[in-house]
There are 2 protein chains.
Amino acid sequence: MATGEGRRRVTIADVASHAKVSTTAVSKVIRNAYGVSPAMRERVNAAIEELGYRPHAAARAMRGRTYTIGLMLPHIRNPFFADILDGLMDQLAGTDYQAIMIQGGATRTTERRAVDALIDRQVDGIVMVAPLAAKTRLEEVAGQIPTVVLGRHERSTVYDAVFDDDETGAELAVQHLIDLGHRRIAHITHQDDSSARPGDLLHKIRSEAYERVMREHGLADEIAVATTYYSEEGGYQGTLELLNRSPRPTAIFAGADQAAFGALAAVHESGLSVPGDVSIAGYDNTRLAALPNISLTSVDQNGALMGKTSGRLLLERFEGRTSAVRFSVTPRLVQRNSTAPAPGTAHDKPTT
Amino acid sequence: MATGEGRRRVTIADVASHAKVSTTAVSKVIRNAYGVSPAMRERVNAAIEELGYRPHAAARAMRGRTYTIGLMLPHIRNPFFADILDGLMDQLAGTDYQAIMIQGGATRTTERRAVDALIDRQVDGIVMVAPLAAKTRLEEVAGQIPTVVLGRHERSTVYDAVFDDDETGAELAVQHLIDLGHRRIAHITHQDDSSARPGDLLHKIRSEAYERVMREHGLADEIAVATTYYSEEGGYQGTLELLNRSPRPTAIFAGADQAAFGALAAVHESGLSVPGDVSIAGYDNTRLAALPNISLTSVDQNGALMGKTSGRLLLERFEGRTSAVRFSVTPRLVQRNSTAPAPGTAHDKPTT
DNA sequence: CAGGCGATGGGTAACGTTACCCATAATTCA
DNA sequence: TGAATTATGGGTAACGTTACCCATCGCCTG
């Protein structure tokens, strides 16, 4: 276990000479390859232990696998992504695989750079969370390396897809507000730089489901959308804009909790109360939403399960699966105190 | 710019033959090395462009640098870390370096695995945020690879250190509460698995500063510490424990905003109000703290600056600096509505 | 008992890049 | 003008690992 200061790294050759066997034999033991006797295995493992050998991932990358999975996140501020990572790491625990993360940023250009960086570093598989890239680009990536796309809905034959049923989720939220007697229900959506088809992006799906449900209830004229960002700042700005309209909405469905937090701030700063004057619902059910003095009604999507599944799908790909898989998570509504019957409505809370 | 599906990667050799020059020449152009004519440079760059060549980081790792900086974060749920990453990426923008992240987890074992993984992947430099490892381990890592330790206070001659003046920060918070007339001021600290010397860990420094200031004001008997975690759950549990004591504290200084959020929840659930019955102060001044319905008094430490500086220090190391540098950020108190004069105190808010 | 076969171990050429060195041409200087 | 120096380009051996192939040995089978 001696690991000296600036000392040269322990290599497979060191292990081989220490165990008095060939480097090939050592490599076989490490990889659990065929053709090693138990005696040999033990001998080599002892030497590995003694010298504190660890495989050099970069060297491995030249020939075989790196045992690395790359996770591209748009950014790390959203705690929902932490759930995804938790699930992924949970799945990877006990395997030889390591997860590394990279921040994709807000534009297609930065995202491309980030994903290229992962490919250049020869990760064995990639999980892209809510990517902005066009489908052709996703398939190009997936053509080079096993890929899971998380949060997009389009069908592909080359990559696996994991996503929440955003249509249902948005429906749950809007329906809930309608049930509470609201009619002027506004929506905050996310502006992106994506070149994906609108119908494949989660925020588009949520906003379209919002509009559809509104129309289905004869509320087409009440549709009001602020297009900002799924972030606190975005929610804040969007809400200020919505509250300025006349008549102002009595409820806001924010497409993400982060935006809902900003909405809460904006409503308070406008001298209005939640849910007295304005009801607010979010999406993601982040832990913060459960805090009593936020108590945000939100749509829960099982991020940990999505992350875990992404990992599993990649491991399956490594084992040889070539057919594409789609995995969908069903959302559910978590009612809290940020939503209440519309002002002036004699309305009983619906029984769940 | 043609990048076919499963096609073989474009290598330096492809570029060389396409440009009708040697691979050496291509390598020189890429690395901006000495000994290339402008004509050669242009020729090679044209070929690179045309073929869509990107350097293979793993191959580079075998000889030179990977242009990769590894960022070890204990976990990604804390939005404060997002500030650090933002600062780091800001510094790295415009350079050839890429930042990758890895989650260290809650124990020394998982952290070690994570950092080893970065080393095995041959990153050029490492930034370790609030590591749990013993100083000897940190120096062992730094002996192999340029390292910045963020959030620890000990002096080292081998790695660079970036940290907040936690002593002053904690002092600001506690002093603020004392100024408001509070006497029964409790503290929530973080339990760790670290083998660092207590005086070097930020949460120990904060808790010791808390105790010191209390004693300096003759409040030694009022010292009450709950040792849980810097997380929502930890803050929640710790606060329940503290509120159970009799007499209960009128103020709680949580060592981190995340814990303070949990504390807010616990106070509310106990049927008490903030700041009416209990004042709460946090640390980190995360964006959430500024939301009107949280409005948490908190100590601001400039995370972006710390991240940016970490990046700068690494780049300097790559340029050849060998002496160790320490960089300290000065915190400041941001007063909001979660702190107020102690119940039953005729006290004017101190002018700032 | 010869031929063959499975089990085991090793030799070696890659993988893509760079550091080091050498060769040649072009230019400068005395 | 000859020698020395500089500028420019290329050849080649690594870096650490693995995939592929071959050699050997003991044993089984007909």
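Throughout, a chain's letter reflects where its sequence line sits, starting with A, and its residues are numbered from 1. Small disclaimer: the values here were computed from a predicted structure and weren't measured.
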Per-nt protein contacts along nucleotides 7-12 of chain C (heavy atom under 4.0 Å; B base, S backbone sugar-phosphate only, - none) come out as SBBBBB

Between CG of A/Asp96 and C1' of D/dT18 the distance, given in whole Å, is 16 Å

Test side-chain contact (heavy atoms from CB on, under 4.5 Å) applied to B/Val127 and B/Leu313, step by step: CA-CA 10 Å; B/Val127 179; B/Leu313 293 178; over 6 Å; no

Taken to the nearest whole Å, CZ/A/Arg31 to P/D/dT17 is 12 Å

Open item on the list: Given 3.5 Å as the limit, does a donor-acceptor pair link the side chain of B/Arg41 with the main chain of B/Asn32, or not?
Closed with: no

A/His56 atom NE2 is separated from D/dC15 atom C1', nearest whole Å, by 8 Å

In whole angstroms, the gap separating P of D/dT18 from OH of A/Tyr67 amounts to 7 Å

A/Leu51 CG to D/dG16 C1', in whole Å, measures 15 Å

| request: Would you please confirm or rule out a distance under 4.0 Å between OP1 or OP2 of C/dT17 and any side-chain N or O of B/Ser27? | output: no

Distance test, side-chain N/O of B/Arg9 to OP1/OP2 of C/dC15, below 4.0 Å:
no

Margin query: If you apply the rule side chain to side chain donor-acceptor pair (under 3.5 Å), what do you find for B/Ser195 with B/Arg108, and how did you get there?
Written below: CA-CA 8 Å; B/Ser195 48; B/Arg108 270 180 293 158; 3.1 Å; yes

Taken to the nearest whole Å, CZ/A/Arg63 to P/D/dC15 is 17 Å

Discussion item. Students often mix this up, so state it plainly: with edges at 30° and 60°, are the rings of A/His153 and A/Phe163 parallel, tilted or perpendicular?
Written reply: tilted

B/Glu316 side chain near B/Asp160 side chain, heavy-atom distance below 4.5 Å
no

note: A/Asp120, atom CG; C/dG16, atom C1'; distance rounded to Å ~ 12 Å

Test side-chain contact (heavy atoms from CB on, under 4.5 Å), reference B/Leu132, set B/Glu111, B/Arg152, B/Arg137, output is B/Glu111

To the nearest angstrom, the CD-C1' distance between A/Gln122 and D/dT17 comes to 13 Å

Per atom distances to the B/Arg60 side chain, the nearest of C/dT18, D/dT18, D/dG16 is C/dT18

message: I'd like to know if the side chain of A/Thr68 pairs up with that of A/Arg121 as donor and acceptor (distance under 3.5 Å, no hydrogens or angles considered).
response: no

